[in-house]
Amino acid sequence: MPELPEVETIVRKLKSGEKDFPRIIGEEIKSVDILWERSLAFPSILEAKTTLMGKSVIDVSRRGKFIIIEMDQVYLLIHLRMSGDLLVLPPGKSIDIYHHRFILHFLSGKDLIFNDPRKFGRVWLVTNPDEVTSKLGPDPLNDNFSPELFHEMLLRKKRQLKPLLMDQTFLAGMGNIYTDEALYLAKLHPLRIASSLSMNESHALHHAIQTVLNEGIDRNGASIDWVYRGGDFQNHFKVYQRKGAPCQHCGIIIEKTIVGQRGTYYCPECQKI
DNA sequence: CCTGAAACCTGTCTGC
DNA sequence: TGCAGACAGGTTTCAG
(Lines give C-alpha, C1' and ligand atoms only; values in the text may rest on other atoms or scores of the structure.)
Protein backbone atom coordinates (compact mmCIF):
# COMPACT_ATOMS: atom_id res chain seq x y z
CA MET A 1 0.00 0.00 0.00
CA PRO A 2 2.66 2.47 0.74
CA GLU A 3 3.89 5.45 -1.17
CA LEU A 4 4.80 8.73 0.46
CA PRO A 5 1.24 9.84 1.41
CA GLU A 6 0.36 6.48 2.97
CA VAL A 7 3.63 6.41 4.92
CA GLU A 8 3.12 10.01 6.05
CA THR A 9 -0.39 9.12 7.22
CA ILE A 10 0.95 6.26 9.32
CA VAL A 11 3.73 8.41 10.80
CA ARG A 12 1.20 11.03 11.89
CA LYS A 13 -0.95 8.37 13.53
CA LEU A 14 2.05 6.93 15.40
CA LYS A 15 2.91 10.40 16.70
CA SER A 16 -0.53 11.69 17.58
CA GLY A 17 -2.69 8.62 17.88
CA GLU A 18 -6.37 8.35 17.08
CA LYS A 19 -9.32 6.13 17.93
CA ASP A 20 -8.18 2.49 18.27
CA PHE A 21 -4.63 3.54 17.32
CA PRO A 22 -2.86 5.00 20.39
CA ARG A 23 0.29 7.10 20.03
CA ILE A 24 3.68 5.54 20.75
CA ILE A 25 5.76 8.57 21.76
CA GLY A 26 7.23 7.97 25.22
CA GLU A 27 6.36 4.28 25.27
CA GLU A 28 9.00 1.94 26.76
CA ILE A 29 9.70 -1.43 25.16
CA LYS A 30 9.10 -4.49 27.33
CA SER A 31 9.81 -7.20 24.74
CA VAL A 32 10.16 -7.84 21.02
CA ASP A 33 8.70 -10.60 18.85
CA ILE A 34 10.19 -11.37 15.43
CA LEU A 35 7.87 -13.81 13.69
CA TRP A 36 9.50 -13.79 10.24
CA GLU A 37 13.28 -13.62 10.50
CA ARG A 38 13.94 -12.09 7.09
CA SER A 39 11.80 -9.06 7.96
CA LEU A 40 14.77 -7.89 10.05
CA ALA A 41 17.41 -6.62 7.61
CA PHE A 42 19.90 -5.56 10.29
CA PRO A 43 21.39 -6.52 12.76
CA SER A 44 20.96 -10.09 14.09
CA ILE A 45 17.77 -11.03 15.88
CA LEU A 46 19.61 -11.51 19.17
CA GLU A 47 21.34 -8.13 18.92
CA ALA A 48 18.14 -6.34 17.93
CA LYS A 49 16.18 -7.79 20.83
CA THR A 50 18.96 -7.02 23.31
CA THR A 51 19.34 -3.44 22.08
CA LEU A 52 15.63 -2.65 21.99
CA MET A 53 14.81 -3.94 25.47
CA GLY A 54 14.07 -1.02 27.79
CA LYS A 55 14.32 1.68 25.09
CA SER A 56 11.73 4.44 24.92
CA VAL A 57 10.28 6.06 21.79
CA ILE A 58 11.44 9.67 21.49
CA ASP A 59 10.06 10.64 18.08
CA VAL A 60 8.68 9.27 14.81
CA SER A 61 9.48 10.73 11.39
CA ARG A 62 9.65 9.89 7.68
CA ARG A 63 12.37 9.98 5.03
CA GLY A 64 11.02 9.06 1.58
CA LYS A 65 9.05 5.87 2.23
CA PHE A 66 11.02 4.97 5.36
CA ILE A 67 9.40 5.25 8.78
CA ILE A 68 11.97 6.30 11.39
CA ILE A 69 11.35 5.57 15.07
CA GLU A 70 13.89 7.39 17.24
CA MET A 71 14.91 5.91 20.59
CA ASP A 72 17.81 6.44 23.00
CA GLN A 73 21.03 6.09 20.95
CA VAL A 74 19.28 4.02 18.31
CA TYR A 75 16.81 4.25 15.40
CA LEU A 76 14.32 1.68 14.16
CA LEU A 77 13.68 2.11 10.42
CA ILE A 78 10.75 0.40 8.70
CA HIS A 79 10.06 0.08 4.96
CA LEU A 80 6.61 -1.29 4.14
CA ARG A 81 7.42 -2.21 0.51
CA MET A 82 4.37 -3.68 -1.29
CA SER A 83 2.06 -4.95 1.41
CA GLY A 84 3.34 -3.80 4.80
CA ASP A 85 1.28 -1.94 7.38
CA LEU A 86 1.74 -0.75 10.95
CA LEU A 87 -0.87 -0.80 13.66
CA VAL A 88 -0.88 0.00 17.36
CA LEU A 89 -3.13 -1.98 19.66
CA PRO A 90 -4.41 -0.38 22.89
CA PRO A 91 -3.62 -2.22 26.17
CA GLY A 92 -5.69 -5.36 26.53
CA LYS A 93 -6.62 -5.53 22.86
CA SER A 94 -5.45 -8.47 20.81
CA ILE A 95 -5.82 -9.44 17.20
CA ASP A 96 -5.35 -12.50 15.00
CA ILE A 97 -1.59 -12.64 14.40
CA TYR A 98 -1.98 -13.73 10.78
CA HIS A 99 0.80 -12.03 8.73
CA HIS A 100 2.36 -10.30 11.72
CA ARG A 101 6.14 -10.20 11.22
CA PHE A 102 7.56 -7.93 13.92
CA ILE A 103 6.03 -6.75 17.21
CA LEU A 104 7.16 -4.28 19.89
CA HIS A 105 5.42 -4.91 23.20
CA PHE A 106 5.39 -1.81 25.42
CA LEU A 107 5.28 -1.74 29.24
CA SER A 108 1.92 0.06 29.06
CA GLY A 109 0.38 -2.91 27.27
CA LYS A 110 0.27 -1.25 23.86
CA ASP A 111 1.67 -3.25 20.93
CA LEU A 112 3.25 -1.87 17.76
CA ILE A 113 2.69 -4.43 15.01
CA PHE A 114 4.36 -4.69 11.62
CA ASN A 115 1.99 -6.69 9.44
CA ASP A 116 3.18 -7.74 5.99
CA PRO A 117 1.44 -10.50 3.96
CA ARG A 118 3.96 -10.57 1.10
CA LYS A 119 7.03 -10.44 3.36
CA PHE A 120 8.79 -7.80 1.21
CA GLY A 121 8.95 -5.22 4.01
CA ARG A 122 12.12 -4.71 6.05
CA VAL A 123 13.15 -3.39 9.47
CA TRP A 124 16.59 -1.98 10.37
CA LEU A 125 18.01 -1.10 13.79
CA VAL A 126 20.91 1.36 13.43
CA THR A 127 22.70 4.07 15.40
CA ASN A 128 22.39 6.52 12.50
CA PRO A 129 19.50 6.57 9.98
CA ASP A 130 21.94 7.63 7.25
CA GLU A 131 23.28 4.08 7.25
CA VAL A 132 20.03 3.14 5.49
CA THR A 133 18.79 6.33 3.83
CA SER A 134 21.96 8.04 2.60
CA LYS A 135 21.40 7.18 -1.06
CA LEU A 136 17.90 8.64 -1.25
CA GLY A 137 17.17 11.64 -3.46
CA PRO A 138 15.43 14.75 -2.15
CA ASP A 139 12.01 14.50 -0.52
CA PRO A 140 9.52 16.11 -2.93
CA LEU A 141 7.68 17.89 -0.11
CA ASN A 142 10.84 19.27 1.52
CA ASP A 143 11.42 23.04 1.30
CA ASN A 144 14.76 22.53 -0.44
CA PHE A 145 13.06 20.79 -3.38
CA SER A 146 12.60 23.84 -5.60
CA PRO A 147 11.36 23.95 -9.23
CA GLU A 148 14.79 25.25 -10.27
CA LEU A 149 16.60 22.37 -8.56
CA PHE A 150 14.19 19.88 -10.12
CA HIS A 151 14.79 21.24 -13.61
CA GLU A 152 18.55 20.87 -13.15
CA MET A 153 18.08 17.31 -11.87
CA LEU A 154 15.98 16.41 -14.92
CA LEU A 155 18.44 17.93 -17.41
CA ARG A 156 21.16 15.57 -16.17
CA LYS A 157 19.11 12.41 -16.86
CA LYS A 158 18.52 10.75 -20.22
CA ARG A 159 15.92 8.42 -18.82
CA GLN A 160 12.21 7.84 -19.27
CA LEU A 161 10.21 9.99 -16.84
CA LYS A 162 8.19 7.20 -15.27
CA PRO A 163 11.06 4.96 -14.09
CA LEU A 164 13.12 8.02 -13.19
CA LEU A 165 10.46 9.47 -10.88
CA MET A 166 10.10 6.09 -9.19
CA ASP A 167 13.86 5.79 -8.67
CA GLN A 168 14.28 6.54 -4.95
CA THR A 169 17.88 7.70 -5.43
CA PHE A 170 16.53 10.39 -7.76
CA LEU A 171 13.45 11.43 -5.77
CA ALA A 172 12.36 9.81 -2.49
CA GLY A 173 8.70 8.94 -2.07
CA MET A 174 7.01 8.53 -5.45
CA GLY A 175 5.49 5.14 -6.32
CA ASN A 176 3.42 3.72 -9.14
CA ILE A 177 0.13 5.47 -8.36
CA TYR A 178 1.36 8.97 -7.62
CA THR A 179 3.80 8.92 -10.55
CA ASP A 180 1.02 8.16 -13.04
CA GLU A 181 -1.21 10.80 -11.46
CA ALA A 182 1.55 13.43 -11.47
CA LEU A 183 2.51 12.79 -15.11
CA TYR A 184 -1.15 13.08 -16.10
CA LEU A 185 -1.58 16.36 -14.21
CA ALA A 186 1.57 17.74 -15.86
CA LYS A 187 0.39 16.47 -19.28
CA LEU A 188 3.64 14.56 -19.84
CA HIS A 189 4.00 11.15 -21.47
CA PRO A 190 5.56 8.46 -19.18
CA LEU A 191 8.21 7.71 -21.83
CA ARG A 192 9.38 11.30 -22.33
CA ILE A 193 13.12 11.65 -21.80
CA ALA A 194 13.83 13.72 -18.70
CA SER A 195 16.52 15.91 -20.27
CA SER A 196 14.14 16.94 -23.05
CA LEU A 197 11.79 18.85 -20.74
CA SER A 198 11.52 22.61 -21.12
CA MET A 199 11.67 24.85 -18.07
CA ASN A 200 7.88 25.20 -18.19
CA GLU A 201 7.38 21.43 -18.41
CA SER A 202 9.75 20.83 -15.48
CA HIS A 203 7.93 23.36 -13.38
CA ALA A 204 4.57 21.86 -14.32
CA LEU A 205 5.82 18.43 -13.25
CA HIS A 206 7.22 19.81 -10.00
CA HIS A 207 3.87 21.40 -9.23
CA ALA A 208 1.98 18.25 -10.24
CA ILE A 209 4.11 16.04 -7.97
CA GLN A 210 3.54 18.24 -4.94
CA THR A 211 -0.16 18.57 -5.76
CA VAL A 212 -0.87 14.83 -5.98
CA LEU A 213 1.22 14.03 -2.89
CA ASN A 214 -0.46 16.73 -0.82
CA GLU A 215 -3.90 15.62 -1.96
CA GLY A 216 -2.97 12.04 -1.09
CA ILE A 217 -1.92 13.12 2.41
CA ASP A 218 -5.06 15.24 2.84
CA ARG A 219 -7.11 12.15 2.00
CA ASN A 220 -5.05 9.88 4.30
CA GLY A 221 -3.60 7.95 1.39
CA ALA A 222 -5.18 5.55 -1.10
CA SER A 223 -6.89 2.28 -0.19
CA ILE A 224 -6.83 -0.42 -2.85
CA ASP A 225 -7.84 -4.05 -2.79
CA TRP A 226 -7.35 -5.98 0.43
CA VAL A 227 -4.09 -4.42 1.62
CA TYR A 228 -4.69 -0.94 2.97
CA ARG A 229 -7.73 0.63 4.54
CA GLY A 230 -8.36 4.09 5.87
CA GLY A 231 -7.51 6.39 2.97
CA ASP A 232 -9.84 7.95 0.43
CA PHE A 233 -7.58 9.04 -2.42
CA GLN A 234 -8.48 5.98 -4.53
CA ASN A 235 -11.82 7.68 -5.22
CA HIS A 236 -10.04 10.62 -6.84
CA PHE A 237 -7.63 8.97 -9.27
CA LYS A 238 -7.57 10.67 -12.68
CA VAL A 239 -5.81 7.85 -14.57
CA TYR A 240 -4.59 5.09 -12.23
CA GLN A 241 -6.77 1.99 -12.65
CA ARG A 242 -9.03 3.91 -15.05
CA LYS A 243 -8.21 1.98 -18.21
CA GLY A 244 -11.14 2.21 -20.64
CA ALA A 245 -12.72 5.15 -18.84
CA PRO A 246 -12.88 8.62 -20.43
CA CYS A 247 -10.28 11.25 -19.60
CA GLN A 248 -11.93 13.91 -17.43
CA HIS A 249 -10.23 16.62 -19.48
CA CYS A 250 -10.60 15.53 -23.13
CA GLY A 251 -12.92 12.51 -23.08
CA ILE A 252 -10.45 10.18 -24.84
CA ILE A 253 -10.21 6.67 -23.40
CA ILE A 254 -7.47 6.13 -20.78
CA GLU A 255 -4.93 3.52 -21.84
CA LYS A 256 -2.77 1.08 -19.91
CA THR A 257 0.70 -0.06 -20.91
CA ILE A 258 3.79 -1.49 -19.24
CA VAL A 259 6.76 0.75 -18.48
CA GLY A 260 9.71 -0.56 -16.51
CA GLN A 261 7.71 -3.67 -15.61
CA ARG A 262 4.99 -1.55 -14.00
CA GLY A 263 1.41 -1.04 -15.12
CA THR A 264 1.18 2.52 -16.42
CA TYR A 265 -1.99 4.51 -17.06
CA TYR A 266 -2.12 7.64 -19.22
CA CYS A 267 -4.28 9.69 -21.55
CA PRO A 268 -3.03 9.31 -25.14
CA GLU A 269 -4.51 12.70 -26.05
CA CYS A 270 -3.39 14.84 -23.09
CA GLN A 271 0.00 13.15 -22.68
CA LYS A 272 1.55 13.07 -26.13
CA ILE A 273 5.19 12.07 -26.41
C1' DC B 1 24.61 5.45 -17.83
C1' DC B 2 20.35 3.15 -19.13
C1' DT B 3 16.91 -0.71 -19.92
C1' DG B 4 14.79 -5.00 -19.14
C1' DA B 5 14.23 -9.28 -16.74
C1' DA B 6 14.12 -11.93 -12.67
C1' DA B 7 13.77 -12.61 -7.84
C1' DC B 8 11.70 -11.96 -3.36
C1' DC B 9 6.30 -13.40 -1.51
C1' DT B 10 1.07 -14.10 -0.71
C1' DG B 11 -3.58 -13.07 -1.92
C1' DT B 12 -7.21 -11.92 -5.18
C1' DC B 13 -9.50 -11.84 -9.36
C1' DT B 14 -10.52 -13.45 -14.17
C1' DG B 15 -11.45 -16.57 -17.61
C1' DC B 16 -11.92 -21.14 -19.35
C1' DT C 1 -16.75 -25.58 -8.88
C1' DG C 2 -11.96 -25.85 -9.96
C1' DC C 3 -7.81 -24.32 -11.49
C1' DA C 4 -4.17 -21.96 -14.16
C1' DG C 5 -2.52 -17.56 -14.98
C1' DA C 6 -2.21 -12.70 -14.48
C1' DC C 7 -1.61 -9.09 -11.51
C1' DA C 8 -0.67 -6.17 -7.22
C1' DG C 9 1.13 0.21 -3.75
C1' DG C 10 8.59 -1.85 -4.02
C1' DT C 11 13.39 -2.74 -4.28
C1' DT C 12 17.65 -5.21 -5.51
C1' DT C 13 20.60 -7.57 -8.55
C1' DC C 14 22.32 -8.90 -12.80
C1' DA C 15 22.91 -9.20 -17.94
C1' DG C 16 23.49 -6.67 -22.09
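Numbered from 1 within each chain, the chains take letters A, B, ... in sequence-line order.
Using bins of under 30°, 30° to 60° and over 60° for the plane-to-plane angle, the ring pair Y240(A)/Y265(A) lands in the perpendicular bin. Between F233(A) and Y178(A), the angle of the ring planes stays under 30°, which puts this pair in the parallel group of the 30/60° scheme.
For the contact set between residues 169-182 of chain A and DNA chain B, defined by any heavy atom under 4.0 Å, there are no members. Of the residues in residues 114-129 of chain A, those placing a heavy atom less than 4.0 Å from an atom of DNA chain B are P117(A), R118(A), K119(A), F120(A), in numerical order.
As judged by a 4.0 angstrom heavy-atom cut-off over every strand, Y98(A) is placed among residues touching the sugar-phosphate backbone only. Counting non-hydrogen atoms under 4.0 angstrom, Q168(A) reaches the backbone sugars and phosphates but no base. Within 4.0 Å (heavy atoms only), Y240(A) reaches sugar-phosphate atoms of the nucleic acid but no base atom. Among the protein residues, K135(A) comes within range of no part of the nucleic acid, since none of its heavy atoms lies under 4.0 Å from any strand.
One interatomic measurement links the two molecules: CZ of F237(A) to P of dA8(C), which rounds to 13 Å at whole-angstrom precision. Between the CD atom of Q261(A) and the C1' atom of dT11(C) there is a distance of 11 Å, rounded to whole Å. Across the protein-nucleic acid pair, R63(A) atom CZ and dT11(C) atom C1' stand 16 Å apart, rounded to whole Å. Put simply, CE on M82(A) is 13 Å from P on dC7(C), counting in whole angstrom units. Separating the NZ atom of K243(A) from the C1' atom of dT14(B) is a distance of 13 Å, rounded to the nearest angstrom. The separation between I258(A) atom CD1 and dA6(B) atom P is 14 Å, rounded to whole Å. A straight line from CG of L164(A) to P of dG4(B) spans 14 Å, rounded to a whole angstrom. Between R38(A) atom CZ and dT11(C) atom P there is a gap of 17 Å when expressed in whole angstrom units.
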Intra- and inter-strand pairs of DNA chain C in dot-bracket (Watson-Crick or G-U wobble, both distances under 3.5 Å; | for another strand): .|||||||.|||||||
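Comparing dC2(B), dG11(B), dG10(C) against the side chain of K65(A) picks out dG10(C) as the nearest. The side chain of R262(A) lies closest to dT11(C), out of dT11(C), dA5(B), dC2(B). Residue K158(A) places its side chain closer to dC2(B) than to any other of dG4(B), dC2(B), dA6(B).
For dC9(B), the OP1/OP2 oxygens have no side-chain nitrogen or oxygen of R81(A) closer than 4.0 Å. Contact annotation: H99(A) side-chain N/O to dG11(B) OP1/OP2 distance is under 4.0 Å. In this structure, H79(A) does not reach the dG10(C) phosphate: none of its side-chain N or O atoms is under 4.0 Å from OP1 or OP2.
Heavy atoms only, all atoms of each residue included: I254(A) and K238(A) are closest at CD1-O, 4.4 Å. Heavy atoms only, all atoms of each residue included: G175(A) and T179(A) are closest at O-OG1, 2.6 Å. When all heavy atoms of I217(A) and L141(A) are compared, the closest pair comes out as CD1-CD1, 3.5 Å. When all heavy atoms of L205(A) and A182(A) are compared, the pair lying nearest together is CD1-O, 4.2 Å. Of all heavy-atom pairs spanning M71(A) and L52(A), the tightest one is CE-CD2, 3.5 Å.
With respect to W124(A), the ring pair (Phe, Tyr, Trp, His ring centres under 6.0 Å) criterion is satisfied by exactly one of F102(A), F66(A), Y75(A): F66(A). Each of R192(A), H189(A), Q271(A) was compared with L183(A) under the side chain to side chain contact (heavy atoms under 4.5 Å, CB included) criterion, and only Q271(A) meets it. Of the residues listed (V123(A), I10(A), L77(A)), the one engaging I67(A) in a side chain to side chain contact (heavy atoms under 4.5 Å, CB included) is I10(A), and it is the only one.
By the 4.0 Å N-to-carboxylate-O rule, D59(A) lies close enough to K15(A) to be salt-bridged with it. With respect to the salt-bridge test (charged N to carboxylate O, under 4.0 angstrom), the residues D139(A) and R62(A) qualify.
Across dA6(B) and dG5(C), the matching P atoms stand 16 Å from one another, rounded to whole Å. For the P atoms, the distance linking dA4(C) with dC9(B) amounts to 22 Å, nearest Å. Rounded to whole Å, the separation between the P atoms of dA5(B) and dA6(C) comes to 15 Å.
Remark: the Y184(A) side chain and the Q248(A) side chain contain no N/O donor-acceptor pair separated by less than 3.5 Å.
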